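In this chain, numbering begins with 1 at the start of the sequence shown. Just so we're clear, the structure is a prediction, and the values are computed from it rather than from any experiment.
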Amino acid sequence: MAISAETDIPTKYGFVKASDIKVGDVVYDINGNETQIESIKYESLDTSVTVRFGSAESIVLSQNQIIPVYVDPNKEIEYISSEDVFSMCSKGWIAKLPSVTIKGNGVMSINPWMLGFWLGDGSRHNANVSTCIDDLEYVKERILSSGYSIGAIRRDRRFNQKGVSVSVTKGLLQQLKQYNIYMNKHMPDEVYSTDINYRREVIKGLVDSDGMVEKSRGRALFTNTNYDLALGCARILSSLGELVCIYPNTCHGFGKTVVCYVVTWMPIELPAGMPRKAGRVRQRKIIEKRTCRHIEFKIFYSGTPGINF
């Protein structure tokens, strides 16, 4: 199959550009099954097609690349060229691309909820986490049930009078150093190869700390000034089959105005454990499972190198 070098390929370490894929790498097909790359051939493509989505996502395809689409949601997947997809959409037809749910069975020593919560609201200098005093009992319960101990609890002067800082002991600091995130906050690559339940708990930790659920729409959001962390959150959600949008925004806090990155999605699974956040998730009727992304009917052409797997 010939594809553009810029196409994102799902692997157990997240999405990787086709140009970075090597022989022997394990990638995932449209059904989430592992497939090993046996050979790679580089060739020149006259044009490539960038398909943009309403959620501000995009993918790059070669002009005649055969891709799976749902032309009719009630029928099976059809395989047609990217040119034909554009032709159909320009005539007002509806086409959708299937979303891949990545499988995995990797293991990490750090508790997934604790990992997400520390990445969102932890101090990069130590194993302390911050929270609102109204949520303190829930956070303490989750820390203890995750196998850690609780040290000093002090007022966090960076926040309002309800902010507190909780010291987490019994091995958390060592685990942060083990995965190279101590003083270096980012989503560890090992997360992308863990099983689905682990990744879901990481998301709950992120939302419980630096996220929210809108009461009116039930939409989930994760906001952080660390782009790598926001992108890691989006990649985990994508690996779980969620339809994700990530965009920059201006945020105000601690007397500063900074650029933050907002990850938003309408959750398939409950994205939060904290009661006041989880209670805002609206019950929605989902047919089987979210399987596709709506295409915004715009297409752009550019000459790019191609790869034949």
Side-chain angles (χ1 to χ4, degrees), residues 1-51 53 57-71 75-86 95-108 179-180 186-199 228 231-232 234-244 289-293 295 299-309:
M1 177 181 70
I3 62 174
S4 166
E6 296 299 311
T7 299
D8 286 328
I9 305 295
T11 76
K12 64 181 182 178
Y13 299 112
F15 288 88
V16 176
K17 295 293 183 186
S19 57
D20 295 327
I21 297 293
K22 302 178 180 62
V23 172
D25 285 353
V26 176
V27 300
Y28 293 89
D29 63 20
I30 61 171
N31 297 313
N33 298 317
E34 292 188 355
T35 302
Q36 189 171 41
I37 299 297
E38 296 182 352
S39 65
I40 299 175
K41 178 183 178 182
Y42 294 90
E43 56 187 38
S44 177
L45 298 176
D46 293 333
T47 60
S48 64
V49 178
T50 301
V51 182
F53 303 90
E57 294 178 287
S58 65
I59 60 171
V60 180
L61 307 169
S62 60
Q63 186 175 4
N64 296 310
Q65 181 175 336
I66 303 299
I67 59 174
V69 297
Y70 290 100
V71 178
K75 294 183 179 180
E76 296 181 354
I77 293 174
E78 298 181 32
Y79 294 84
I80 58 180
S81 71
S82 56
E83 281 282 331
D84 289 337
V85 171
F86 175 60
K96 301 176 182 180
L97 302 185
S99 179
V100 175
T101 301
I102 296 179
K103 300 177 182 178
N105 56 6
V107 177
M108 295 181 68
Y179 292 105
N180 193 32
H186 65 281
M187 190 62 65
D189 288 340
E190 292 88 345
V191 173
Y192 305 117
S193 64
T194 56
D195 64 37
I196 288 177
N197 291 329
Y198 188 99
R199 281 174 275 151
D228 290 337
L231 184 61
R235 285 178 170 172
I236 293 176
L237 288 164
S238 294
S239 78
L240 296 171
E242 298 281 10
L243 305 185
V244 187
K289 188 172 183 181
R290 185 80 64 77
T291 55
C292 42
R293 298 181 289 187
I295 298 175
I299 207 158
F300 305 84
Y301 295 92
S302 62
T304 59
I307 299 176
N308 200 342
F309 291 103

One should read off an interatomic distance between L231 CG and H186 NE2, to the nearest 0.5 angstrom, of 12.0 Å

* Asked: Given side chains that start at C-beta, do those of V107 and T194 come closer than 4.5 Å, heavy atoms only?
  -> no

Between the CD1 atom in I236 and the CD1 atom in I196, the distance rounded to the nearest 0.5 Å is 12.5 Å

Within the 4.5 Å heavy-atom criterion, are E38 and V23 side-chain neighbours or not?
no

**Side chain proximity check, M187 to Y192, heavy atoms < 4.5 angstrom** = yes

Practice item. Say whether, by atom type as modelled, one donor and one acceptor occur between the side chain of Q36 and the main chain of G24 under 3.5 angstrom. Key: yes

| query | Can you list the steps and then say if V27 with I37 is a side chain to side chain contact (heavy atoms under 4.5 Å, CB included)? | reply | CA-CA 7 Å; V27 300; I37 299 297; 4.0 Å; yes

